[in-house]
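Notes follow the structure.
Naming convention: chains lettered A, B, ... in sequence-line order (proteins, then strands); numbering from 1 in each chain. Everything quoted here is computed from the prediction, not taken from an experiment.
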Number of protein chains: 2
Amino acid sequence: MVRLIDVARAAGVSQGTASNTFNNPTLVRPALREKVEAAARALGYGGPDLRGSLLRTGKFNAVAVRPPSQWTIAESLRNPVFSEFLLGVGSVCDANGADLVVSSGRLDASGGTKALVDGMIFLRVEHMAEVEPARLRRMPVVVMDFDAGSEISSVHVDTRIGAREAARHLLDLGHRRFGIMSFLRDPGAARVFPPGTARPPAAAGTVVDQQKYLGYADALAEVGLDIAAIPMVQAEVNDARAAGLLLDAAPQATAILSMSVMQGIALLGEARRRGLSVPRDLSVVAYNDIEAATRCDPPLSTVDSLTRERGALAAKLIFERGPARHERLTPRLVVRASTASPRT
Amino acid sequence: MVRLIDVARAAGVSQGTASNTFNNPTLVRPALREKVEAAARALGYGGPDLRGSLLRTGKFNAVAVRPPSQWTIAESLRNPVFSEFLLGVGSVCDANGADLVVSSGRLDASGGTKALVDGMIFLRVEHMAEVEPARLRRMPVVVMDFDAGSEISSVHVDTRIGAREAARHLLDLGHRRFGIMSFLRDPGAARVFPPGTARPPAAAGTVVDQQKYLGYADALAEVGLDIAAIPMVQAEVNDARAAGLLLDAAPQATAILSMSVMQGIALLGEARRRGLSVPRDLSVVAYNDIEAATRCDPPLSTVDSLTRERGALAAKLIFERGPARHERLTPRLVVRASTASPRT
DNA sequence: AGCGAAACTTGAATCGATTCAAGTACGGAA
DNA sequence: TTCCGTACTTGAATCGATTCAAGTTTCGCT
């Protein structure tokens with residue numbers, strides 16, 4: 001392998017001059033520069049090796065996004081909300097001339113992180129320990145929706161408030177009979193919870209999903225409804241039968257509170273198969289406003305949790321390299337055509 | 001910043017032993033290992049710095065995907081076909097415990113590449129020069145749909161054959177009156193080409209798109225039709241007016257040959273607005289089979305150009321680190337509900 | 001020619017680890 | 001007690017560049 005010093009020797013200059021030829025060409029007299037470049041070409045030298053310069057300069061010019069632990073890269077990319085988040089991060093990387101690294105949530109069982117990056121953005125952290133290795137490296141870290149202490153930057157979104165707004169919207173339209181489509185905490189078969197069934201305390205999958213449930217409960221309580229009295233289905237995100245189970249379990253529902261766009265779309269499909277017109281016979285709200293929500297028929301009313309904006313904000317915090325900051329965003333309801341007053 | 005040698009000194013062992021404690025724990029007597037670990041904790045040492053070990057070992061454990069030049073990271077991620085490709089690459093990264101790097105096509109105007117990766121996958125290369133810096137670094141490189149010489153691995157897909165199959169499918173169904181929806185070579189306003197209008201030689205945007213045009217032409221020629229006699233619109237991928245322009249320009253068409261799923265979906269929307277039923281009144285085929293094609297109404301018949309598979313294959317070639325290989329895949333037609341025989 | 005300033009070069013130190021040949025300590029066998 | 005092999009440890013060399021104080025050349029002026 002040709003090294004800088006080989007080029008320098010071949011060109012009859014010192015290594016320092018050779019280095020300048022590549023990094024500060026203006027410091028080198030043109031004739032000499034030419035000589036060094038010729039030597040480099042002759043030897044097939046492809047410019048300073050990144051490892052060496054990295055060691056000296058310490059800049060990687062890259063930001064990593066770490067999906068929730070256990071998610072593979074492929075699983076992450078398959079998730080449209082994750083992709084939307086990446087888009088936000090990516091746009092800020094573009095502005096800073098940095099690369100975007102998608103790492104696996106599964107790597108580094110050792111707890112070590114091997115990403116060659118200047119900073120990391122953690123999605124859905126569940127224990128401080130996940131962040132610890134990066135912190136020890138004094139690497140800028142941003143965690144999403146998790147409080148890792150005042151020393152570590154974080155970006156939060158008020159999921160509970162967003163969910164409350166969504167439910168209020170349906171209540172304002174006059175709905176009083178609902179169905180809830182939620183997630184399982186662990187992989188498995190869909191579970192149906194008829195009205196009044198005992199439910200796990202937070203009644204949903206991830207911490208974020210639990211906040212949605214609580215937000216729905218808040219709004220329902222405001223008009224004297226008990227969320228426990230509402231039929232609910234918990235299912236994996238791509239469970240094809242889930243929508244059907246819910247419509248069976250909540251036959252008189254005029255509106256469905258769901259926790260993701262994918263579920264919302266599945267509900268639209270199932271409603272259509274059953275000859276129900278959305279929103280005339282059934283209103284549907286979903287969570288997370290991604291492009292797919294605008295393209296389905298009818299376009300879904302959703303809670304926009306500012307996924308892309310949050311990605312961009314997190315990336316900005318990384319590049320700022322300032323003291324830790326804690327940002328909090330409030331989601332907003334986007335009303336489209338999947339919600340309307342119930343038939344009278 | 002704490003260094004390995006500081007830890008070693010604090011623990012009263014040599015640097016070599018300290019290194020082994022982290023990398024080959026079994027070589028170190030447990031008692032000593034414990035001492036080193038305690039020292040590391042006490043000093044807040046976060047494990048061997050990546051720069052140093054990188055310099056020695058040379059492995060980055062990451063693969064970069066380079067979008068077409070000029071594309072930013074955000075633009076790339078916004079492209080669903082690109083995302084699909086990433087998914088393929090990502091799944092192989094998962095299997096190899098590597099990270100996935102999305103770099104910008106815009107970086108490195110200098111021609112240098114600064115990606116900290118073991119290998120690079122280039123999408124839509126147009127000049128050898130784009131690949132040269134990576135090659136000089138003796139870094140494994142795979143280029144997609146471009147012949148960069150026998151020394152550089154490549155993965156090709158027979159776009160022309162795929163397009164020919166798509167057009168044959170419509171011809172077999174009995175269609176004889178078409179419209180073509182294509183791309184502009186450069187950004188700009190949509191252009192309408194009435195039948196028989198002079199067209200640029202390859203009549204489309206990128207080299208790959210040109211292949212689609214030629215493939216359509218091949219099939220049409222087989223039944224004696226001249227593609228130049230077919231109304232065509234060239235537009236940017238997200239030009240909202242394009243679908244309308246084409247349907248205006250080809251009022252008697254019974255089938256549309258389009259060059260992307262996004263265009264195909266736009267056509268479905270425009271047809272619906274005009275009260276045309278797809279596929280009864282109008283058949284539509286699109287190119288590239290991504291998930292969106294299965295979710296629209298009706299699901300689109302498309303040419304599956306094996307995007308994900310190609311991504312996975314390219315990544316495999318990177319990790320193999322063997323001699324250059326040249327793979328060629330044949331796309332296949334996926335018939336869904338957007339194509340049918342024309343009304344008689 | 002002589003001088004000083006400007007412009008360019010040099011070479012050694014440094015970045016933070018890994019590696020491996022050579023050395024030491026220890027325990028068991030003779 | 002001596003010797004030997006095993007099991008750890010050590011320390012120096014190495015990876016490939018960047019940096020910068022110190023040294024050298026060049027050039028314009030008088």
Side-chain angles (χ1 to χ4, degrees), chain A residues 1-37 39-40 43-61 110 112-116 118 133 136-139, chain B residues 1-37 39-40 43-61 110 112-116 118 133 136-139:
Chain A
M1 202 62 207
V2 188
R3 306 195 312 288
L4 180 61
I5 194 161
D6 301 323
V7 174
R9 278 205 259 268
V13 301
S14 77
Q15 189 171 181
T17 299
S19 175
N20 280 333
T21 305
F22 292 101
N23 299 298
N24 304 82
T26 56
L27 290 184
V28 181
R29 193 157 36 97
L32 209 49
R33 196 193 313 162
E34 181 60 37
K35 212 154 89 179
V36 173
E37 279 162 359
L43 294 172
Y45 181 69
D49 186 290
L50 294 161
R51 287 184 287 272
S53 39
L54 204 61
L55 182 56
R56 236 3 262 206
T57 62
K59 290 283 298 170
F60 291 99
N61 278 311
S110 66
T113 172
K114 65 176 181 16
L116 300 160
D118 302 304
L136 276 175
R137 288 192 195 284
R138 314 234 191 298
M139 181 186 278
Chain B
M1 201 62 209
V2 189
R3 306 196 310 289
L4 180 61
I5 194 162
D6 302 322
V7 174
R9 278 206 257 268
V13 301
S14 77
Q15 188 169 182
T17 298
S19 175
N20 279 332
T21 304
F22 292 101
N23 300 298
N24 304 81
T26 56
L27 289 184
V28 182
R29 194 157 37 96
L32 209 49
R33 197 194 312 163
E34 181 60 38
K35 211 154 92 181
V36 174
E37 280 161 359
L43 295 171
Y45 181 70
D49 187 288
L50 294 161
R51 287 184 287 273
S53 42
L54 205 59
L55 181 56
R56 241 353 268 208
T57 62
K59 290 282 297 171
F60 291 98
N61 279 313
S110 65
T113 172
K114 66 173 178 20
L116 300 161
D118 302 305
L136 276 175
R137 292 246 147 87
R138 313 235 191 300
M139 181 186 277

Do the non-hydrogen side-chain atoms of A:R3 and A:D49 ever get within less than 4.5 Å of each other? no

Over all strands shown, is A:L32 touching base, sugar-phosphate only, or nothing at heavy-atom distances under 4.0 angstrom? sugar-phosphate

Where B:A18 and B:L4 come nearest, the two heavy atoms and their spacing: CB-CD1, 3.6 Å

Rounded off to whole Å, could you give me the CZ-to-P distance for the A:R9 and C:dT10 pair? 13 Å

Apply side chain to side chain contact (heavy atoms under 4.5 Å, CB included) to the pair B:I5 and B:R9, showing each step before the final yes or no. CA-CA 6 Å; B:I5 194 162; B:R9 278 206 257 268; 3.9 Å; yes

So do B:S53 and B:R56 actually touch side chain to side chain, heavy atoms under 4.5 Å? no

Using a cutoff of under 3.5 Å, can you pull out all pairs of nitrogen or oxygen atoms linking the protein to nucleotides 16-19 of chain C, with atom names and distances?
| unit_1 | atom_1 | unit_2 | atom_2 | d |
| --- | --- | --- | --- | --- |
| C:dG16 | N2 | B:G52 | O | 3.3 |
| C:dA17 | OP1 | B:Y45 | OH | 2.7 |
| C:dA17 | OP1 | B:D49 | N | 2.5 |
| C:dA17 | OP2 | B:L4 | N | 2.4 |
| C:dA17 | N7 | B:Q15 | OE1 | 3.2 |
| C:dT18 | OP1 | B:N23 | OD1 | 3.3 |
| C:dT18 | OP1 | B:N23 | ND2 | 2.7 |
| C:dT18 | OP2 | B:S19 | OG | 2.5 |
| C:dT18 | OP2 | B:N23 | ND2 | 3.0 |

In whole angstrom, what separates A:L27's CG from C:dT10's P? 13 Å

Figure out the CZ/P separation between B:R29 and C:dT24, and round it to whole Å. 16 Å

Minimal heavy-atom distance between A:L32 and A:V28, with the atoms involved, is CB-CG1, 3.9 Å

For A:D6 versus A:L43, what's the shortest heavy-atom pair and its separation? O-CD1, 3.9 Å

